[in-house]
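Have a look at the structure below before the remarks.
All residue numbers refer to positions in the sequence shown, counting from 1. Keep in mind it's a predicted model, so treat the numbers as computed, not measured.
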Amino acid sequence: MATLLYRLGRTAFRRRWLVVLLWAVILGGAGAGAVTAPASSDDGTSFMPGIEAQKAFDLIGERFPGTDANGADARIVFVAPDGEKVTASGNRAAIDALVTEAADEPKVLNAVSPFKAGAVSEDGSTAYATVNFKVKADDLTDADKAALEKAIGEARASGLTVEVGGTALAEQPAAGGSAEAIGIGLAAVILLITFGSLAAAGLPLLTAVIGVGTSMAAIMALGSVFGLSLTTGTLASMLGLAVGIDYALFVVSRYREERANGHAPGEAAGLAVGTAGSAVVFAGLTVVIALAGLTVVGVPMLTKMGLCAAGAVVVAVLVALTLVPALLGMWPDAVLSRRTRKGGPARRATDNGGSRWARFVMRRPVAVLVACVAGLGVLALPAASLEMGMPGAESKPVSSTERRAYDALADGFGAGFNGPLTIVVDARGAAGTKAATAAVREIAKEIGATDGVVSVSSARFNRAGDTALFSVVPATGPNDEHTKDLVRAIRSERAALERTTGATFEVTGSTAMNIDIAEALQAALVPYLAVIVVLALLLLLVVFRSVLVPVKAAFGFLLSVLAALGSVVAVFQWGWGAGLLGVEQAGPIMSLMPIFLVGIVFGLAMDYEVFLVARMREAYVHGDRAPDAVVSGFRHSARVVVAAAVIMIAVFSGFVGSGESMVKTIGFGLAVAVLFDAFVVRLALVPAVLALLGDRAWWLPGWLDRLLPHVDVEGTGLATAPPVADGEAAPQEPVRI
């Protein structure tokens, strides 16, 4: 591996113009594809096949043709001025005028007056009208929205308070450009402090931006084909930018080190790619494994997010291995320190903060180990109270009309009104139309009598008369535990009702969908963890040729991810410090977030493990004693690992300002996870454990040593190869002693 990458690095250095041209062509081609590609749209696949709510949702689309279950909707809420009622003549006329005007729009399927639908609160202060569209929210034009907004404005002019919920006029979250700009700015400052050179700081940023640009352009170009969403692109850019900077940082840092050792620029580039590049390859592989492992969860959207982010990581690895040495070839001395460029003696690593810290930890390994485990354990305690759901309008800022509409409906009709359940009755098993009608009536009556149900709407049949829909309003809110219990209670009545009526039913709607998704994802978490942990352990076993080091890495990851989840629960679910992060209302954690966080954190945790421990392995293989190898690894890598971790924290923290709840939560979770993993686990727990293990840390049974392939990540072959001048070709095989 090291020899192959060494040749690649030297080739990229020598053929720098060709490499840069190839990347320019790739970026230009992807950009052209993104510009000319049609707009991305939903591919029509189910969000999560197999769960009951999704099956019922699909059944609605099948039995009620001509209506799109995903069609946009607007729930317009009217609140009368103090002391008045919405039923007053003037208020009623304004509401009816709005409904009539909305119903006349060509893309509107129906608009029902609250006075005909009985959608007026008992005290007469609040009413709502639902406007359903024939098309999805993404297919509504600005003109379509403007027409509805005009009608709403006229109703407000009459003195009514009018707020709008639903998907039709919902504000779309920003694409995250400002978050990326903040992350890049902070990364630039950190790199400048680390390297003391503008060129050395700018090169990782430049190559990372090129890599992210290529990845994002490719995602946009393929968006209409694979149904890739805005969230998919945001998360891919988040990871691509973070790892792109880190991977380039490690190659540039090793290049500077090899130049300090007296190597010519081309040779230094080859050695940097052969050694640090090997760590980059395997670190990237661990991230890809974790992200690609999301396919086992069974959520198509999560699969797309994982695969797109994995693709961005692959691009970042390729950029670090080819474009970085090519740019080093264009400015071979620019990335060096000012002292070295002026002809002064290069400052070689002898003793620095990293080595001193390693010795400090190794003198008191038990105390450090106990402190790390205890501290992270305390932070992980809130994770035991993790509640998963899908926060909706209640989590939006009170400045948004969606949030105000949500609150107005809760005040006027009760907390459960914002999360109605939809019952789909399949009456094909009943004998005839009359029997089907009687069966639906009986099912609605029994469900209405269930504890926790406030009201049941009238049933609506399809044209064939064999399927019916009706809504059930719970007494509690969408994310309340009592609502989850109610869904389970209604479903438990199904078997008995099917025996007596010959018809069956299923429960769906956004509330039931969120409950089913949360339960399915919770069940998928353990298999997912098993897949990525086993695959990553096998990969680390090959990299480090040790049994205990991969196990230690996995243990450290578990501490990091549980502490990160605990922090997320404390902030986003319990509300501790939520106001500082712009979280309007604490509530359950978005269902997709924990499993996605676990996958990404696992990959990033293995990143730092590979970068740090590979240097220890290199020193150990080259003859250092086990304690000296740990100190050597910290001497050469600790400063760069710290810089890389701070950069990642900066990049992820930038996404906390996102308007999208999932991106905000993941940005925070990743930032604190990197903080815990890099500074507590990798820089404190790892040297403490290795100090206690000594030479046993690198133990590998002889039979397993013979079975495992030798990938030479530590660069043993390069250490025994003769030096090569910049004008010469690299030898085909290293000369071994």
(request) Could you pull out all residues at least two apart from W576 that satisfy ring pair (Phe, Tyr, Trp, His ring centres under 6.0 Å)? (result) W574
Taking distance alone, no hydrogens or angles, what donor-acceptor pairs closer than 3.5 Å link side-chain atoms of residues 306-316 to residues at least two apart or in another chain?
none

(request) Give a yes or no answer on whether the side chain of S637 reaches the backbone of F634 with a donor-acceptor pair at less than 3.5 Å. (result) no
Donor-acceptor pairs under 3.5 angstrom involving side-chain atoms of residues 671-694: please list them, not counting sequence neighbours.
unit_1, atom_1, unit_2, atom_2, d
D677, OD1, S560, OG, 2.7
D677, OD1, R682, NE, 3.4
D677, OD1, R682, NH2, 3.0
D677, OD2, R682, NE, 2.9
R682, NH1, E609, OE1, 2.6
R682, NH2, A553, O, 3.4

(request) Could you please spell out the steps behind the side-chain contact (heavy atoms from CB on, under 4.5 Å) verdict for Y6 and L271? (result) CA-CA 6 Å; Y6 166 80; L271 291 172; 4.1 Å; yes
(message) Checking A283 now: which residues fulfil side-chain contact (heavy atoms from CB on, under 4.5 Å) with it, not counting sequence neighbours?
(response) Y247, D607, V610, F611
(request) Evaluate the side-chain proximity of L328 to L203: yes if any heavy-atom separation is below 4.5 Å, no if none is. (result) yes
(message) Tell me if a side-chain donor or acceptor on Y620 pairs with a main-chain N or O of V630 at a distance below 3.5 Å.
(response) no
(request) State, yes or no, whether a side-chain contact exists between M648 and Y608 at a heavy-atom distance under 4.5 Å. (result) yes
(message) Within the 4.5 Å heavy-atom criterion, are R615 and R254 side-chain neighbours or not?
(response) yes
(request) Please report the closest heavy-atom contact between A200 and R256, naming both atoms and the distance. (result) CB-NH1, 4.0 Å
(request) Report the C-alpha distance between V613 and L540 in whole Å, list the side-chain angles of each, state the deciding distance to 0.1 Å, and finish with yes or no for side-chain contact (heavy atoms from CB on, under 4.5 Å). (result) CA-CA 10 Å; V613 181; L540 293 178; over 6 Å; no
(request) Could you grab the distance from atom CG of L558 to atom CG of L376, nearest 0.5 Å is fine? (result) 11.5 Å
(request) Flag the pair P627 / V631 as yes when at least one side-chain heavy-atom distance between them is below 4.5 Å, and no otherwise. (result) no
(request) Starting at CZ of R635, measure out to CZ of R359 and round the result to the nearest 0.5 Å. (result) 6.0 Å
(request) Name all residues meeting the side-chain contact (heavy atoms from CB on, under 4.5 Å) criterion together with V20; count only those two or more places apart in sequence or in a different chain, and write none if there are none. (result) L323, A326, L327, M330
(message) Holding to side-chain contact (heavy atoms from CB on, under 4.5 Å), I want the full list of residues that pass it with I190, two or more places apart in sequence or in another chain.
(response) T194, A643, V646, I647, A650
(message) Quick test of your reading: applying side chain to side chain donor-acceptor pair (under 3.5 Å), list the pairs with at least one residue in residues 313-330, sequence neighbours left out, ordered by first then second residue.
(response) W23-T322
(message) Which residues pass the ring pair (Phe, Tyr, Trp, His ring centres under 6.0 Å) test with F544, not counting sequence neighbours?
(response) none
(message) Let me confirm one number: the CE-CG distance from M590 to L597, rounded to the nearest 0.5 Å.
(response) 13.5 Å
(request) Sequence neighbours left out, what passes side-chain contact (heavy atoms from CB on, under 4.5 Å) with L22? Give chain and number order. (result) L18
(message) To check you understand the geometry: which heavy-atom pair defines the closest contact between S278 and A2, and what is its length?
(response) OG-CA, 3.7 Å
(message) Which residues pass the side-chain hydrogen bond (donor to acceptor under 3.5 Å, both in side chains) test with D624, not counting sequence neighbours?
(response) none
(request) Quick one: pull up CG in L205 and CG in L241 and give me the separation to the nearest 0.5 Å. (result) 8.0 Å
(message) For a quick test of reading the model, state the closest non-hydrogen atom pair linking A383 to L562 and the distance between them.
(response) CB-O, 4.0 Å
(message) Please give me the minimum heavy-atom distance between S546 and V549, naming the atom from each residue.
(response) OG-N, 3.2 Å
(message) Could you tell me if the side chain of F250 sits less than 4.5 Å from the side chain of V641, heavy atoms only?
(response) yes
(request) Using salt bridge (Lys or Arg N to Asp or Glu O under 4.0 Å) as the criterion, list what pairs up with R639, not counting sequence neighbours. (result) none
(message) Please check: side-chain N/O of S632 versus main-chain N/O of D628, any donor-acceptor pairing under 3.5 Å?
(response) no
(request) Mind checking the CD1-CG spacing from I289 to L294? Nearest 0.5 Å is all I need. (result) 12.5 Å
(request) For residues N352 and S355, determine if any side-chain heavy atom of one lies less than 4.5 Å from a side-chain heavy atom of the other. (result) yes
(message) As a test of understanding, state which of R259, E257, E258 forms a side chain to side chain donor-acceptor pair (under 3.5 Å) with Y255.
(response) R259
(request) Taking the side chain as every heavy atom from C-beta outward, state whether W698 and M616 have any pair of such atoms under 4.5 Å apart. (result) yes
(message) Any heavy-atom pair between the side chains of F282 and L539 that's under 4.5 Å?
(response) yes
(request) Supply the atom-to-atom distance S215 OG to L27 CG, rounded to the nearest 0.5 angstrom. (result) 10.0 Å
(message) Per the side chain to side chain donor-acceptor pair (under 3.5 Å) rule, what does the pair list look like for residues 361-374, sequence neighbours excluded?
(response) none
(request) Report the C-alpha separation of V280 and L5 in whole Å, then their side-chain angles, then the decisive distance to 0.1 Å, and conclude whether the side-chain contact (heavy atoms from CB on, under 4.5 Å) test is met. (result) CA-CA 11 Å; V280 165; L5 294 178; over 6 Å; no
(request) Taking all non-hydrogen atoms of both residues into account, name the closest pair between P332 and F13 and its distance. (result) CB-CZ, 4.4 Å
(request) Search all heavy atoms of G667 against all heavy atoms of V656 and return the closest pair with its distance. (result) C-CG2, 4.0 Å
